[in-house]
Amino acid sequence: MSHPIDDAVFDLINTNDPEAGAILAAEQARQAHTIELIASENHASPAVMHAAGTCFTNKYAEGYPGRRYYGGCAHMDEIETLARERAKKLFNCEYANVQPHSGAQANMGVFMGLLEPGDTFASLVLKDGGHLSHGMHLNFSGKYFNPVHYPLHYNPDHPRHEQIDYEAVRAVCLEHRPKLLLCGYSAYSRTIDFAKFREIADEAGCLLMADIAHIAGLVAAGEHPSPFPHCDVVTSTTHKSLRGPRGGLILTNDEDIFKKTNRALFPGVQGGPLMHIIFAKAVAFGEALRPEFKDYQKRVKANAATLAGALTDLGYRICSGGTDNHLMLVDLTARNPELTGRDAETWLENAGIICNKNGIPDDQRKPMITSGVRLGSPATTTRGFGEAEMKRVASFIDRVLSAGLKGEDALAAETEAVRAEVRALCEQFPMPGAG
Ligand code: DSN
């Protein structure tokens, strides 16, 4: 059996702890033999995965380079500085904080650094494609701050149906005068017009923040317009399209914002930084600075467009009419009103295709049921899928969902058939480190 980390590493873990080793082997097999369509996931390189498992995990390094609360931090300073320098180069900005443990922590660092409790900010609501940390009522952002939400175009006759309604963004900002306007989303397939958001922020007299967690890889490769110089502050994750270890980032060109968000993150929100992850971030940023990363991101976009086109041809509706980036929201009810996101997620997983149910804009169904699924191309593209394979993926999806509508027997037979084809395709295109 092949493993995405070296066999030697697996053997070491397995010999020491067969119980944990068995779970690792099962997860490695799952990833190796299934098609990953979750838009926020990817297959990190063996170098990035190994980097996250080094002796940097042993070290406390509270503080920032040159100002630590512990001895023995010389190499912590070196690696954090290298990660910062590479992040700045990737995103063409002046300052980078590479310590956030996640995208949500990065957002918390910005909110705590730039807003006071109770302050108003404007964002897209979660159910329309936003994020938990953009004002959901159970999240810190909705509990301790005052979110106001701007809409999409909901009218199906509008040429920009289900896309950001920039006039409405402006109206919301002029009415509520938020301290911060937030753009950047988790389930939005269209290009974000950062320059337009800047105009609105200037008119409303507020700060402009972009959360580019999903599109960071595209931005770094120049395959989506950059939030700089338009945005005051930018947050991201490092593990989605950017293909690094699981973690977050805060970027800015403004020294005062850098200082405030640094202080808010540590000691305000986090304690000791995850130095092994910062080490792996540096390695991942190094990979993203190479020319082949640009080619990868071009293929990510092309593959998403191919999948969206093939599903459209099969009778599904891609929300907003298509995709400009790495993801799409698929309205299943256009294919058949009986289809739900919940059933689709389960049926597809049984056939070896992993995705997540997702509400579509203005969805009448509950979040645990939904009318849609969100699909993305970063992981399949990393495996080497191209146009032909993405068309096959669309066909697999339709075969499973069509069979599910026919009943249990038809679904069981088609699940087995598709699962075998998925496995064969995965073996033809092994995930990195598993070949
Ligand atoms: N959970 C992530 C996603 O799937 O988009 C966002 O944090």
Side-chain angles (χ1 to χ4, degrees), residues 31 34-44 100-111 123-142 147 149 152 162 164 182-190 192 209-219 224 227 234-251 265 269-270 274 277 281 300 304 307 318-320 323-330 341-342 344-345 348-349 353-361 363 367-368 370 372-382:
Q31 291 188 21
T34 56
I35 292 174
E36 183 53 73
L37 293 179
I38 292 178
S40 49
E41 295 187 13
N42 211 328
H43 299 295
H101 300 339
S102 69
Q105 297 282 79
N107 289 346
M108 195 185 254
V110 170
F111 278 51
S123 65
L124 186 68
V125 72
L126 176 64
K127 71 172 184 57
D128 282 349
H131 187 254
L132 287 175
S133 61
H134 297 181
M136 193 262 197
H137 69 287
L138 295 174
N139 185 265
F140 79 91
S141 55
H149 295 302
L152 303 173
E162 295 168 332
I164 303 288
L182 171 48
C183 59
Y185 316 102
S186 286
Y188 186 70
S189 63
R190 295 308 197 165
I192 300 165
M209 166 183 176
D211 177 345
I212 61 165
H214 262 265
I215 56 172
L218 297 171
V219 170
H224 184 289
V234 174
T235 59
S236 183
T237 55
T238 47
H239 51 276
K240 298 185 174 95
S241 57
L242 194 50
R243 211 166 58 183
R246 190 159 290 277
L249 263 183
I250 302 174
L251 307 164
L265 192 73
V269 171
Q270 294 183 177
L274 306 176
I277 296 299
K281 284 175 182 172
V300 164
L307 182 59
I318 306 301
C319 294
S320 82
T323 177
D324 302 328
N325 58 25
H326 64 299
L327 68 76
M328 69 213 68
L329 264 184
V330 184
R342 182 178 62 182
E345 181 188 295
L348 291 170
E349 179 166 358
I353 296 168
I354 313 299
C355 69
N356 64 281
K357 59 181 162 295
N358 212 105
I360 60 172
D363 205 325
M368 289 308 284
T370 80
V373 287
R374 186 186 64 164
L375 307 179
S377 59
T380 50
T381 307
T382 294

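The model shown is predicted, which means the values in this text are computed figures rather than measured ones. In listed order, ligands and their atoms are each counted from 1. For reference, positions follow the sequence shown, starting with 1.
Between S123 and the options H134, M209, M136, a side chain to side chain contact (heavy atoms under 4.5 Å, CB included) holds for only H134. The one candidate from L329, D128, L152, L327 that meets the side chain to side chain contact (heavy atoms under 4.5 Å, CB included) condition with Y188 is L152.
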In a simple table, one pair per line, please give the protein and ligand 1 atom names for every N or O pair closer than 3.5 Å, along with the distance.
from: ligand 1; atom 1: 4 (O); to: S40; atom 2: OG; distance (Å): 2.7
from: ligand 1; atom 1: 4 (O); to: R374; atom 2: NH2; distance (Å): 2.7
from: ligand 1; atom 1: 5 (O); to: H214; atom 2: NE2; distance (Å): 2.7
from: ligand 1; atom 1: 5 (O); to: R374; atom 2: NH1; distance (Å): 2.9
from: ligand 1; atom 1: 7 (O); to: H131; atom 2: NE2; distance (Å): 2.7

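Here D324 pairs with R190 under the salt bridge (charged side-chain N to carboxylate O under 4.0 Å, His left out) rule; sequence neighbours left out. Evaluation of the side-chain hydrogen bond (donor to acceptor under 3.5 Å, both in side chains) rule for N358 yields N356 as partners, not counting sequence neighbours. Remark: E41 pairs with no residue by the salt bridge (charged side-chain N to carboxylate O under 4.0 Å, His left out) rule, at least two apart or across chains.
For the atom pair K357 NZ and M368 CE, the distance stands at 4.5 Å (nearest 0.5 Å).
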